[in-house]
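Here, residue 1 is the first one in the sequence, and each next residue gets the next number. Any value given below was found using the heavy atoms of this structure, including those in side chains, with hydrogens, waters and symmetry copies removed.
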Amino acid sequence: MKPLFWLFCSLCLASGVRADGHGPVFGLATPTNSKGEWSLDSGLFGRTNDFGSTASFRELIGYGFTPHLTLFVSAPAVIGSVQNPPTRIQPGADFDATLKWRFQHRATKVGTRIESTFFGGLVVPGPQSAYRNIVTTNAPGIMAGAVTGLASRSHYIWLGGTFTKFFERGGLKRPDVLDYSLVYGYRPPDKWDWRFFGELVGEHSDRFLQGGVAVPQTQAHQVFLGPTMLGIHRNYTISFGAQVPIYQSVGSVYAKERVRFAVNFSYLLFQHSH
């Protein structure tokens, strides 16, 4: 078993670990921070294929300007050099600044609401964003997307997607990435605030450009499915889970992924009542 997998397991079982308090681990969701609320997240996100594993440690800071408008800034550090298809679902080696605007928040009955959130952001490749055996540019990109869904006291369902477009520089360009997700969540009626999710996510990336020409066998489309959990205790949260591929079509440049895993913990500051 790969060392990174055992590291993931130990983090999941550690009593001091906390996670993202805003919903699922891999898929998109509608919640935003309260007005004046800071969220501080630390997470480990891993990918494993037949040649080994790679992991990204991500720090994420969020601030709520209003109950429906939140800014998130993230910074990663990557361990491992296994070459996988480009990803925007899991943190990779890119720095992100993302604005989330929840433009719909409509109660349908007591304890049940329909919500929709828009995403817009800037993606800046970091020093670890280079691709082995592929000459490309680290020009920035822009991201836009949306998610909508229904949330009640016990059940959640969200459907959404984002598109990230990278800029071309000197005839070189990174692949644009389309990702999408469908998430179902359940909150048991007990004294512990745990939520269980089933997450379906997909990711499609086009080909690299070199000299303005598409590089063969660098496209990819993968769909993953798996369970995740979210636990909340006061201002502390922990979330973790894993996914396996149910559909894969990747170029020969990449090895097919076998599993993705994640564990994330967070602390919420200046939390207000909703």
### Query
Quick one: hydrophobic cluster around L172, which other residues, with the 4.5 Å side-chain cut-off, linked directly or via members?
V135
### Message
If you define the side chain from C-beta out and look only at heavy atoms, does anything of V223 sit under 4.5 Å from L200?
### Response
yes
### Query
Quick check, are the ring centers of W158 and Y156 under 6.0 angstrom apart?
yes
### Query
Hey, what do you get for CZ (R187) to OG (S154), rounding to the nearest 0.5 Å?
7.5 Å
### Task
Answer yes if L71 and L40 sit in the same cluster of Ile, Leu, Val, Met, Phe, Trp and Tyr residues linked by side chain heavy atoms under 4.5 Å apart, and no otherwise.
yes
### Query
Would you say M229 and I238 make side-chain contact, with heavy atoms under 4.5 Å?
no
### Query
Same cluster for L230 and V147 if Ile/Leu/Val/Met/Phe/Trp/Tyr side chains link at under 4.5 Å?
yes
### Message
side-chain contact (heavy atoms from CB on, under 4.5 Å), that's the test. Do T228 and V183 meet it? Break it down for me.
### Response
CA-CA 10 Å; T228 62; V183 176; over 6 Å; no
### Task
Measure across M143 and T98 and return the closest heavy-atom pair with its distance rounded to 0.1 Å.
CE-CG2, 3.7 Å
### Message
Is there a side-chain contact between Y254 and P86 in this structure, where contact means two heavy atoms from C-beta onward sitting under 4.5 Å apart?
### Response
yes
### Summary
Residue set satisfying ring pair (Phe, Tyr, Trp, His ring centres under 6.0 Å) with F65, at least two apart, ordered chain then number -> Y63
### Task
Following the transitive rule for hydrophobic clusters with a side-chain heavy-atom cut-off under 4.5 Å over Ile, Leu, Val, Met, Phe, Trp and Tyr, establish whether I61 and Y236 coincide in one cluster.
yes
### Task
Quick one: do V253 and I134 satisfy side-chain contact (heavy atoms from CB on, under 4.5 Å)? Show the steps, please.
CA-CA 9 Å; V253 172; I134 300 177; 3.8 Å; yes
### Residue pair P91 / S56: nearest heavy atoms and the distance that separates them
O-CB, 3.3 Å
### Query
Looking only at heavy atoms, what is the nearest atom pair of P31 and E115, with distance?
N-OE1, 4.4 Å
### Message
If I take atom OG1 from residue T162 and atom CD1 from residue I89, how far apart are they, to the nearest 0.5 angstrom?
### Response
8.0 Å
### Query
Would you say E257 and P85 make side-chain contact, with heavy atoms under 4.5 Å?
yes
### Query
What's the spacing between Q248 CD and Q222 CD if we round to 0.5 Å?
4.5 Å
### Query
Hey, are K256 and D50 close enough for a salt bridge, meaning a charged N less than 4.0 Å from a carboxylate O?
no
### Message
Could you check whether any side-chain N or O of D41 sits under 3.5 Å from a backbone N or O of S266, counting only pairs where one atom can act as donor and the other as acceptor?
### Response
no
### Query
With the 4.5 Å side-chain cut-off for hydrophobic clustering, are L44 and V25 part of the same group?
no
### Query
Are F197 and I232 joined in one hydrophobic group, where the rule is that I, L, V, M, F, W and Y side chains link up if heavy atoms are under 4.5 Å apart?
yes
### Task
Could you tell me whether the side chain of R258 reaches within less than 4.5 Å of the side chain of S53, counting heavy atoms only?
no
### Expected output: side-chain R47 to main-chain V82 donor-acceptor under 3.5 Å
no
### Note, P76 side chain near F95 side chain (heavy atom, < 4.5 Å)
yes
### Task
Go through H155 and Y184 one step at a time and tell me if the side-chain contact (heavy atoms from CB on, under 4.5 Å) criterion holds.
CA-CA 7 Å; H155 301 277; Y184 170 74; 2.6 Å; yes
### Query
Can you name the salt bridge (charged side-chain N to carboxylate O under 4.0 Å, His left out) partners of D179, sequence neighbours left out?
none
### Value rounded to 0.5 Å, distance of CG in N235 from OH in Y267
5.0 Å
### Query
Sequence neighbours excluded, which residues qualify as ring pair (Phe, Tyr, Trp, His ring centres under 6.0 Å) partners of H105?
H68
#### Entry: Side chain S181, main chain L28, donor-acceptor under 3.5 Å
yes
### Query
Are any side-chain N or O atoms of S129 and backbone N or O atoms of A93, one a donor and one an acceptor, separated by less than 3.5 Å?
yes
#### Entry: Verdict with reasoning, F166 to T137, per side-chain contact (heavy atoms from CB on, under 4.5 Å)
CA-CA 10 Å; F166 288 95; T137 178; over 6 Å; no
#### Entry: Any donor-acceptor pair under 3.5 Å from T32 side chain to P67 backbone
yes
### Task
Rounded to the nearest 0.5 Å, what's the gap from CG on N84 to CG on N49? Could you check?
5.0 Å
## Note on the structure
Contacts satisfying ring pair (Phe, Tyr, Trp, His ring centres under 6.0 Å) that involve residues 198-235 (not counting sequence neighbours) are Y131-F208, H204-H221, H221-Y247
### Summary
Which of I114, L150, T117 passes side-chain contact (heavy atoms from CB on, under 4.5 Å) with T30? Answer is T117
### Query
For E199, does its backbone N or O pair with a side-chain atom of Q243 as donor and acceptor, under 3.5 Å?
yes
### Query
Between the main-chain N or O of Q90 and the side-chain N or O of T87, is there a donor-acceptor pair closer than 3.5 Å?
yes
### S152 side chain to T112 side chain, donor-acceptor N/O pair below 3.5 angstrom
no
### Query
Roughly how far apart are R234 CZ and D193 CG, rounded to 0.5 Å?
13.0 Å
### Task
Please name the pair of heavy atoms, one in G80 and one in T54, separated by the smallest distance, quoted to 0.1 Å.
O-OG1, 3.6 Å
### Message
Strictly below 4.0 Å, N to O, side chains only: are D94 and R174 in salt-bridge contact?
### Response
yes
### Residues that T218 engages under side chain to side chain donor-acceptor pair (under 3.5 Å), provided they are two or more places apart
none
### Message
If I compare all heavy atoms of T148 with all of S116, which pair ends up nearest, and what's the gap?
### Response
OG1-OG, 2.7 Å
### Task
Could you tell me whether E203 and R260 make a salt bridge, using a distance below 4.0 angstrom between a side-chain N and a carboxylate O?
yes
### Task
Provide the closest heavy-atom pair for T70 versus G64 in the form atom of the first, atom of the second, distance.
OG1-CA, 3.9 Å
